[in-house]
Every structure is written in C-alpha cells, then in structure tokens.
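From a predicted model like this one, the values you see are computed outputs, not experimental measurements. Values reported hereafter were calculated over all heavy atoms of this structure, with side chains retained and with hydrogens, waters and symmetry mates removed.
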Amino acid sequence: MLDSIIDFIKTFLMLFFELLILFIIVSFIVSLIQQVVSEDKIKRFLSKPNQAINYIFGMVFGAITPFCSCSTIPILAGLLNSKIPFGPAMSFLIASPLMNPLMLFMLWALLGWKVAVVYFVLLAIFSILTGLIFSKMNLAESYKGVNVKGDGFFANKTGSRFKQALNDAWAFLYPMLPYLFIGVFIGAFIYGFVPATFITKYASGDGIISVFIASVIGIPMYIRPETMLPIAEALVSKGMSLGTVVALIIGGAGASIPEVVLLSKLFKKKFVVSFVIAIFVVAIATGLIVNMIV
C-alpha cells in the first residue's frame, strides 16, 4: 500500500509540473503567433470556400503538432477565439494527440508498419468525421469563450512581444490551474492504484468485449506517448490483441481525465459528454478494424 501511495505522489508531481510547463510554453507560443500572424490570416487559412479542405487542414494541423491531449487546449482556445470554423477546430482537437509523429513512430516500432498505416488512415477519417458531426450538432454554442489573452503579472501592452506573450500565458494558465490540479490528481490516482493485472484480466482477448473494456480503461489511465511503449509491450506479451492495445491507446491518449476536466472549463457539459463519447466510439471502431485487417 505504501508503495502505491509513493507511486501516486511521484506520478502526480511528474504529470502536474510537466503539464504546467507545457501549458506555459504552448500558451506562450500561441500568443507570439497571434502577435505575428493576425486572427484574420488564421481565419482565412482555415476558412476556405471548399469546406472539405477546411476539415482536412484542421486534421493535418493537428497531426503535425507534437502535443499531448492537455497541451492542445491553449491552441484550441486560440483557434476558436480567432473565429475559425468550429468543425475544423474539432478535427484538430481529435487529431493532435492521436496522430502526432511521435505516436505514429512508436506504433510503427511496436506493432509494425501495417498497424501504423491502418491507424493513421482511420484516425484521419474519424477526426474529419467528428469535426463534421460536432459542427452539425451545433456544439459551437457550448464554447464559453475563454480567452488566451488577458492581464497577468507580465502585463505590458506597450512592451515587447516577449513580455506580452508571458502575460498571455499566465492569463490563460491562472484560471485553468484548479482544473489542471483536479484532473491530474484523479488521473494519477487511477494510474497508481489500478494494477496492470486488472487490465490483462479483463481486456486480454480480441473480441468486441475486450476492445470495449480496453477503451473504457484507457480514458482514465492517461497514457502519454512516451509511456505507451513499455505498457503496450507488456500487454502484447501477455496476450492482448493488437486492436485491443490500439483501443487502449486511443482511449488514454485521446480523452484523458486531465483533458476532460480542462475542456469542462472551456465548454458546457453537452460538449464534454459528446467529446468523450466520440473518443470512445473511435477507440472501439479502430480497435475492431485493426483486429479484422491486421
């Protein structure tokens, strides 16, 4: 029991300060970009006359940004505040943590090129479809309009871009801190006190039930790409199918508890529930398809 408590404290501190630093860095970069590139230019780039292109651009933009699920939040807020179409922004939200180069490289190294290719194609399709569906559901109305910019310790409207970016980073981070703390606390607790034997016991097969359970387990686990490799290797060695491992990865990397808690600060309950269901469906569908194809 003592070892579990120590692991929980270590995991909590590591995740909290890692995400804290990532939040500041990403918010700082977003602010600098917004100072150099006008909101009108961003809006024009993701607001082409052909709507299909907008969703593809949103997906590609997410795929090339090497951020975890939580650190995409400042970028998402910046995009929405720039008044870009809601659907492409949602495609970015889905694609960013699940299709980044690190994730694909690790899948290739661990599960082989066939799984990596199938995974990439399916996630590209699902991210575009999710953006389209969310747009048709009018979930844009759920956005609370939390600003990336604001007044903070480094407020200096006439000063350098560097100081203004520091101010904007703090202004966005400050109201998000309680949500970040709560989310990481819950995620670290589950990660520290749910043994790996529980996962392999109930999700070691290749049927729909195992894929379903793996998707459910993955969401509270908060699997970062850099921790995915040893976990996945262990699960595959214990008999878990490739598709079931993929479902676990998508659940953990796509809708972690810290991210869901942070999203509840930006959006109303309807959106948060819809987002979790979307990741859940994507995890199950991708896992089952991988099991059928590979």
Can you see which heavy atom on S274 is nearest to which on L139, and at what distance? CB-CD1, 3.8 Å
Flag side-chain contact, heavy atom, 4.5 Å: V245 against V290: no
Heavy-atom distance under 4.5 Å between the side chains of F275 and E259, does that happen here? yes
Got a second to check how far F57's CZ is from F61's CZ, nearest 0.5 Å? 12.5 Å
Identify, with sequence neighbours excluded, every residue that meets ring-ring contact (aromatic ring centres under 6.0 Å, His included) alongside F162. F28
Classify the ring geometry of F267 against F86: parallel below 30°, tilted from 30° to 60°, perpendicular beyond 60°. perpendicular
Taking atom CG of L98 and atom CG of L122, what is their separation to the nearest 0.5 Å? 12.0 Å
Would I94 and V281 show up in the same hydrophobic cluster when neighbours are defined by side-chain heavy atoms closer than 4.5 Å? no
Qualifying residue, where the test is side chain to side chain contact (heavy atoms under 4.5 Å, CB included) with V246 and the options are I289, V115, L288: V115
Spatial distance of atom OG (S210) from atom CG (N291) [nearest 0.5 Å]: 9.0 Å
Rounded to the nearest 0.5 Å, how far apart are CG of L242 and OH of Y119? 14.0 Å
Taking only residues two or more places apart in sequence or in another chain, which ones pass side chain to side chain contact (heavy atoms under 4.5 Å, CB included) with I9? I5, L13
To the nearest 0.5 angstrom, please state how far the OG1 atom of T286 sits from the CD1 atom of I249. 11.0 Å
Tell me every residue that passes side chain to side chain contact (heavy atoms under 4.5 Å, CB included) with K268, counting only those two or more places apart in sequence or in another chain. S142, K144
What's the separation between atom CD1 in I279 and atom CG in L93, rounded to the nearest 0.5 Å? 7.0 Å
Sequence neighbours excluded, which residues qualify as ring-ring contact (aromatic ring centres under 6.0 Å, His included) partners of F120? none
Could you give the side-chain donor-acceptor pairs of residues 127-138 under 3.5 Å, partners two or more places apart or in another chain?
unit_1, atom_1, unit_2, atom_2, d
S127, OG, L123, O, 3.1
S127, OG, A124, O, 2.9
T130, OG1, F126, O, 2.7

Any side-chain heavy atom of F271 sitting closer than 4.5 Å to one from L266? no
Taking ring-ring contact (aromatic ring centres under 6.0 Å, His included) as the test, write out the residues that go with F12, two or more places apart. F16, F181
